[in-house]
2 protein chains.
Amino acid sequence: MATVSRVINKNEYVNKETEQKVIVAMQELHYEPSSLARGLAGKKMNTIALMIPDISNPFFPGLARGVEDVAQQYDFNVFLCNSDDLAYKEKSYLEILRKKSIDGLIIISNNVNEEELEPLRMANIPVVLLDRPFNEQNYSVVRSNNRNGAIMAVEHLLAIGCKKIAHIAGPEKFVTARERRLGYEGIVSQYSWYTPSLIEHANFDIEGGKQAVTKLVANNTDIDGIFAGNDLMALGALKQLIKLGKNVPDDIALCGFDGISLTELTQPEITTIQQPIYEMGAAAALTLIKKLKGEITETKIQELDVKLIIRGSTEKGKKLPLAT
Amino acid sequence: MATVSRVINKNEYVNKETEQKVIVAMQELHYEPSSLARGLAGKKMNTIALMIPDISNPFFPGLARGVEDVAQQYDFNVFLCNSDDLAYKEKSYLEILRKKSIDGLIIISNNVNEEELEPLRMANIPVVLLDRPFNEQNYSVVRSNNRNGAIMAVEHLLAIGCKKIAHIAGPEKFVTARERRLGYEGIVSQYSWYTPSLIEHANFDIEGGKQAVTKLVANNTDIDGIFAGNDLMALGALKQLIKLGKNVPDDIALCGFDGISLTELTQPEITTIQQPIYEMGAAAALTLIKKLKGEITETKIQELDVKLIIRGSTEKGKKLPLAT
DNA sequence: TTGAAAGCGGTACCAA
DNA sequence: TTGGTACCGCTTTCAA
């Protein structure tokens with residue numbers, strides 16, 4: 001038994017011949033070591049968890065793919081947890097992760113804080129914060145440069161001639177939403193046309209975008225550019241603008257944030273700030289796995305760059321094919 | 001120890017007082033039973049696996065949510081496996097599932113067959129086939145009525161006055177694609193205008209839809225209706241039709257299949273055959289869990305009904321707001 | 001280089 | 001109704 005164990009764990013002190021015999025026997029018997037037993041005996045389960053708010057929001061599957069692909073490469077499995085951004089579901093999952101002896105966690109969350117992660121720290125389970133860091137001191141973090149992205153978006157709208165630019169901001173509890181808003185404010189506050197009523201808060205989804213546009217258009221008859229805090233809101237915004245009879249981009253230009261592929265589906269296609277979604281997931285997974293392997297111990301912050309993707313929704317004056 | 005175990009497992013033979021003492025102690029010590037140890041000792045891990053082809057295709061997160069919600073309700077966790085529809089990834093996952101002592105499996109796959117699932121049967125791990133059954137005899141199956149849906153789609157296109165209806169069919173290796181094609185053929189073959197060149201095969205994705213439309217329009221100058229085998233293809237088809245200068249629905253009407261929410265995002269919105277996606281996932285999970293609990297033993301087939309959702313892409317002659 | 005034996009943290013049977 | 005104890009399948013000393 002002990003020798004078989006040594007073979008499985010590639011322990012050096014095994015005679016080559018014995019090793020071969022064991023390997024052959026394992027194949028003949030279709031033997032597969034039980035992860036449970038190994039885990040119980042103190043070994044890693046080779047499983048990491050990924051906690052995301054909602055798998056139905058196309059941004060997250062992108063991240064998940066990045067995480068999963070890297071994990072697979074290093075022979076790790078991914079346990080996916082949908083939290084619905086609900087604190088109680090997150091807590092419940094954190095317990096489950098410990099019960100199931102998960103090796104590490106990548107988490108995207110607005111609700112979780114140090115205290116909640118304390119039990120994981122005690123159990124020596126490393127954590128990587130993805131996309132929405134609540135703390136950049138004690139945890140490794142992977143995120144993109146939200147503020148810069150917002151600045152790029154607004155400057156692009158200005159460059160194409162927009163004279164009054166509104167912002168649909170995500171909920172304040174999202175770090176990402178706050179940073180993007182700050183980026184927007186940083187630029188527009190220099191202009192005389194700027195008033196706080198140009199910022200409309202909404203949920204990070206399609207419906208949120210629709211509602212915000214309705215309010216914005218009602219309150220500010222002369223806006224000619226909108227920077228939406230994420231692509232789903234931009235999608236909703238576009239839909240609603242068309243419904244209100246606005247021409248996009250000639251009446252109102254529109255720029256989103258994220259770079260999800262849906263933005264290429266609409267008519268016109270939506271200009272957006274593209275985050276390296278897949279790469280963010282991959283980077284988070286790589287960091288976590290290296291920590292698990294003991295290859296890195298310090299915490300580190302990885303801020304990935306975003307990119308402006310110019311599409312029809314900000315190409316004023318261009319003739320586009322008719323949609324209907 | 002034994003008594004604590006009894007309390008955890010709600011064994012009846014425990015004195016109420018003792019039980020209380022144990023519960024209090026567990027709380028004070030923040031005691032959480034190890035799933036691994038329980039699993040090793042022969043208990044269920046309360047975890048089921050869901051194998052899907054690709055989490056990035058919006059159809060699957062919908063299913064996954066259904067599965068997950070029901071699982072959560074019954075205190076089960078879901079281990080998500082992305083197979084990319086690749087046989088080798090599926091095989092590798094099937095092994096992992098056994099190593100990790102997963103209790104049951106819900107699988108959506110074109111590649112897996114009886115033989116591959118044999119080890120699971122041996123290990124007494126129940127399996128439910130979802131969406132794409134390869135066998136309806138020996139496994140419980142949850143799927144929707146694809147053939148009927150296709151018939152509804154074509155009849156709807158006929159009803160609005162289409163005189164020549166093409167079909168973009170998914171890859172033949174998908175049962176779902178075959179059934180929908182059969183539904184289409186069943187109706188159209190009665191008409192004198194029908195020729196096999198009205199069927200174009202393509203991948204079940206946006207790009208597939210685009211390519212198919214290009215070919216269809218080139219080969220059949222007079223088609224005025226298209227039934228796409230799934231919504232992603234319909235999305236691509238719409239995009240390409242607009243690019244080719246076709247008016248949808250007036251020149252060519254379009255109907256998809258699945259009912260994913262993206263079809264509401266386009267201009268015009270796309271008519272589709274809606275599958276009860278979430279319910280399919282939920283039904284599969286429920287069936288599996290009941291099997292695990294021993295509440296059902298026989299295999300059963302659940303065929304859920306689909307529904308025609310009429311939208312702009314088949315509302316000929318209606319004025320729609322301009323998109324650009 | 002190998003085998004024997006003591007855990008890992010539970011469950012379940014048996015006797016008390 | 002409770003406690004003692006032999007596993008579950010593997011890892012890891014310790015001796016041989």
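Note on naming: letters A, B, ... go to the chains in the order of the sequence lines (proteins, then strands), and numbering restarts at 1 for each one.
B:Leu40 places its CG atom 8 Å from the C1' atom of C:dG10, with the value rounded to the nearest Å. Across the protein-nucleic acid pair, A:Arg38 atom CZ and C:dG10 atom C1' stand 20 Å apart, rounded to whole Å. Between the CD1 atom of B:Ile8 and the P atom of C:dA12 there is a distance of 11 Å, rounded to whole Å. When rounded to the nearest whole Å, the span between CG of B:Asn15 and C1' of D:dG3 equals 15 Å. Rounding to whole angstrom units, CE of residue B:Met1 and C1' of D:dT1 are separated by 18 Å. Rounded to an integer number of Å, the gap from A:Asn11 CG to D:dC10 C1' is 14 Å. In this entry the distance linking CD of B:Glu12 with C1' of D:dT1 reads 13 Å, nearest Å. Rounding to whole angstrom units, CE of residue A:Met45 and P of D:dT11 are separated by 12 Å.
Within the 4.0 Å cut-off from OP1 or OP2 of D:dT11, at least one side-chain nitrogen or oxygen of A:Ser5 is found. Between B:Tyr31 and C:dG10, a side-chain N or O to OP1/OP2 separation shorter than 4.0 Å is present. At the phosphate of D:dT1, neither OP1 nor OP2 sits under 4.0 Å from any side-chain N or O atom of B:Thr3.
When distances run from any side-chain atom of B:Val14 to the nucleotides D:dT2, C:dT11, C:dG7, the shortest one goes to D:dT2. Residue B:Ala37 has its side chain nearest to C:dG9 when only D:dT11, C:dG9, D:dT2 are considered. With D:dT11, C:dT1, D:dT2 as the choices, the nucleotide that has an atom nearest any side-chain atom of B:Tyr13 turns out to be D:dT2.
Contacts classified as salt bridge (Lys or Arg N to Asp or Glu O under 4.0 Å) and involving residues 39-57 of chain A (residues at least two apart or in different chains) are given here: A:Asp54-B:Arg65. Listed by first and then second residue, the salt bridge (Lys or Arg N to Asp or Glu O under 4.0 Å) pairs involving residues 282-302 of chain A amount to none (not counting sequence neighbours).
B:Asp85 and B:Asn111 are linked by a side-chain donor-acceptor pair at a separation below 3.5 angstrom, with hydrogens and angles left out of the test. Remark: the A:Asn46 side chain and the A:Asn77 side chain contain no N/O donor-acceptor pair separated by less than 3.5 Å. Side-chain contact annotation: B:Glu114 with B:Asn138, donor-acceptor N/O pair under 3.5 Å present. No side-chain donor-acceptor contact under 3.5 Å links B:Thr299 and B:Gln137.
Pairing analysis of DNA chain D (Watson-Crick: purine N1 to pyrimidine N3 plus N6-O4 or O6-N4; G-U wobble: N1-O2 and O6-N3; both under 3.5 Å) yields stems of 3 or more pairs at C:1-16 with D:1-16.
Annotation: of the two residues near DNA chain C, A:Ala2 and B:Lys43, the 5′-most nearest-nucleotide partner is A:Ala2. With DNA chain D read from its 5' end, the first of the two nearest nucleotides for B:Ala41 and B:Arg6 is the one closest to B:Arg6.
Ring geometry, B:Phe79 versus B:Tyr93: the interplanar angle exceeds 60°, so the pair is classed perpendicular (tilted spans 30 to 60°).
Across all strands shown, B:Glu32 has heavy atoms under 4.0 Å from sugar-phosphate atoms exclusively, and none from any base.
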